[in-house]
Every structure is written in structure tokens, then in C-alpha cells.
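Before any comments, here is the structure.
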Amino acid sequence: MNTYEHNRAAPTLLRRPDWPVVIGLAAVALIRPLFSITGLSDSLGKPATPLILTAAISVVWVCVGALTRVREPLPTLIAAGLAYALGSTVLSGVLSPLLDGELDGPLAHPQAIVPAFAVNTAWGALCGVCALGLRTVRGRRGSSVH
């Protein structure tokens with residue numbers, strides 16, 4: 001069995017994420033906490049700014065998963081959600097003491113760590129499912145046009 005056949009035989013969630021894409025998508029999503037940490041979300045208006053940023057990041061994630069050559073969109077976007085959760089936790093742990101003088105975020109409230117990871121994993125999974133759906137629709141349209 002060659003590598004391609006082996007990967008196709010594995011369940012979708014156990015397939016290998018595209019790690020460079022995971023890191024890039026997580027970095028894109030870090031725009032949201034940076035807006036919050038720097039006060040831009042407050043000055044541009046809450047709750048609209050975080051909601052608009054989340055929607056825009058989701059569109060980017062889905063488009064990357066659907067319209068590029070990402071090897072496995074679902075595991076890649078799930079991993080991006082996990083990587084974002086880790087990155088935002090670390091970012092708040094580093095920047096909040098520097099900017100506010102005290103620790104804030106999930107590290108200051110350990111009971112929030114598991115829910116933060118769960119929500120961001122679900123966000124990645126939802127974007128991954130949407131990307132797979134968009135790929136399927138694009139594939140049908142492309143194959144029906146002859």
C-alpha cells in the first residue's frame with residue numbers, strides 16, 4: 001500500500017493536517033485578540049468589531065480550505081482552531097501583564113482554558129466542514145461543465 005492509499009484509508013480526522021497552513025491560519029486569527037488587547041475593538045465598537053473579525057477570519061479559513069490545494073481541509077482547520085487557542089492563550093499571557101500590569105485571559109482563569117480550546121476546535125471543525133462542502137459544490141460544477 002503506497003502513502004496515498006494509506007492516507008485515503010485513514011479516517012478523515014486522523015489524516016495529517018497541512019502544518020504550514022495551520023500556522024498561517026492561526027496567525028491570521030490572532031488579529032482578533034490583538035484588536036482586543038490593543039483596545040481597537042473598544043474604539044471601533046463592541047460587540048460588532050469582534051463579530052465582524054470572527055466572520056472575516058472564518059471566511060478566510062473556509063476559502064483557504066476550499067479554494068487552495070490544502071491536503072486535508074477538515075483536520076487542517078481543526079488543527080488551526082487548536083493552534084489559535086494556544087496562540088491566543090500565550091499572547092494574552094505575555095501581553096496582558098505588559099499592557100495592563102496584571103495577568104488576564106485564560107491563564108488568569110484556568111477554568112476557562114478547556115472551554116477556550118473546545119470552542120476554537122469546534123470553530124475550526126465548522127470551517128472545515130464548510131470548506132469540504134464548498135469543495136464538493138465546486139467539484140460538481142466543474143465536472144458538469146463540459
Side-chain angles (χ1 to χ4, degrees), residues 4 6-100 102-145:
Y4 177 77
H6 176 71
N7 284 343
R8 288 289 157 213
T12 301
L13 292 177
L14 298 179
R15 294 185 188 146
R16 204 174 107 211
D18 195 334
W19 291 109
V21 175
V22 168
I23 293 165
L25 293 175
V28 166
L30 287 175
I31 291 169
R32 190 177 182 279
L34 284 173
F35 263 64
S36 181
I37 291 167
T38 60
L40 282 171
S41 288
D42 291 328
S43 63
L44 295 174
K46 278 189 171 178
T49 301
L51 292 173
I52 291 167
L53 287 172
T54 300
I57 292 163
S58 298
V59 167
V60 168
W61 282 23
V62 170
C63 287
V64 167
L67 306 176
T68 68
R69 295 179 187 246
V70 171
R71 187 175 42 246
E72 298 290 345
L74 185 57
T76 297
L77 291 169
I78 289 171
L82 285 166
Y84 166 70
L86 177 63
S88 63
T89 299
V90 170
L91 190 66
S92 72
V94 171
L95 291 182
S96 64
L98 294 174
L99 298 174
D100 300 334
E102 63 183 358
L103 183 63
D104 196 14
L107 295 177
H109 309 283
Q111 70 277 11
I113 293 173
V114 171
F117 275 77
V119 165
N120 288 300
T121 300
W123 177 31
L126 178 62
C127 289
V129 168
C130 291
L132 287 174
L134 185 55
R135 270 190 177 190
T136 301
V137 168
R138 287 186 71 229
R140 283 188 193 145
R141 264 204 248 147
S143 64
S144 66
V145 179

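This structure is a prediction, so every number in the text was calculated from the model and none was measured. Any value given below was found using the heavy atoms of this structure, including those in side chains, with hydrogens, waters and symmetry copies removed.
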Give me the atom names and distance for the closest heavy-atom approach of Ala131 to Val62. CB-O, 3.6 Å

Decide yes or no for Leu40 and Ser43: does some side-chain heavy atom of the first lie under 4.5 Å from some side-chain heavy atom of the second? yes

Test: ring-ring contact (aromatic ring centres under 6.0 Å, His included). Region: residues 20-49. Which pairs qualify, not counting sequence neighbours? none

Would you mind listing every salt bridge (charged side-chain N to carboxylate O under 4.0 Å, His left out) that reaches into residues 34-46, with sequence neighbours excluded? Asp42-Lys46

What one should report as the nearest heavy-atom pair of Leu91 and Pro33 is CD2-CG, 4.3 Å

Checking Thr38 now: which residues fulfil side chain to side chain donor-acceptor pair (under 3.5 Å) with it, not counting sequence neighbours? none

Might you point out which heavy atoms bring Ala29 and Trp61 nearest each other, and give the distance in Å? CB-CZ2, 3.7 Å

Rounded to the nearest 0.5 Å, the CZ atom of Arg32 sits from the CD1 atom of Ile52 at a distance of 11.5 Å

Distance check, rounded to the nearest 0.5 Å: Ile78 atom CD1 versus Leu74 atom CG? 4.0 Å

Any idea which heavy atoms bring Pro73 and Gly65 closest together, and the distance? CG-O, 3.5 Å

Name all pairs fulfilling the salt bridge (charged side-chain N to carboxylate O under 4.0 Å, His left out) condition that reach into residues 77-86, sequence neighbours left out, sorted by first residue then second. none

Nearest 0.5 Å, please: how far is CD1 in Ile31 from OG1 in Thr54? 11.5 Å

Taking side-chain hydrogen bond (donor to acceptor under 3.5 Å, both in side chains) as the cut-off, I'd like each qualifying pair that reaches into residues 74-100, sequence neighbours left out, listed once. none

For residues 109-123, pull every pair meeting side-chain hydrogen bond (donor to acceptor under 3.5 Å, both in side chains), keeping only residues two or more places apart or in separate chains. Ser58-Trp123

Return the CG to CG distance between Leu98 and Leu103, rounded to the nearest 0.5 Å. 11.0 Å

Name the residue from Leu77, Val64, Val22 that meets the side chain to side chain contact (heavy atoms under 4.5 Å, CB included) definition with Val70. Val64

Tell me the closest heavy-atom pair linking Arg135 and Arg71, and the distance in Å. NH1-O, 4.4 Å

Give, for atom CG of Asp18 and atom CZ of Arg69, the distance between the pair rounded to the nearest 0.5 Å. 12.5 Å

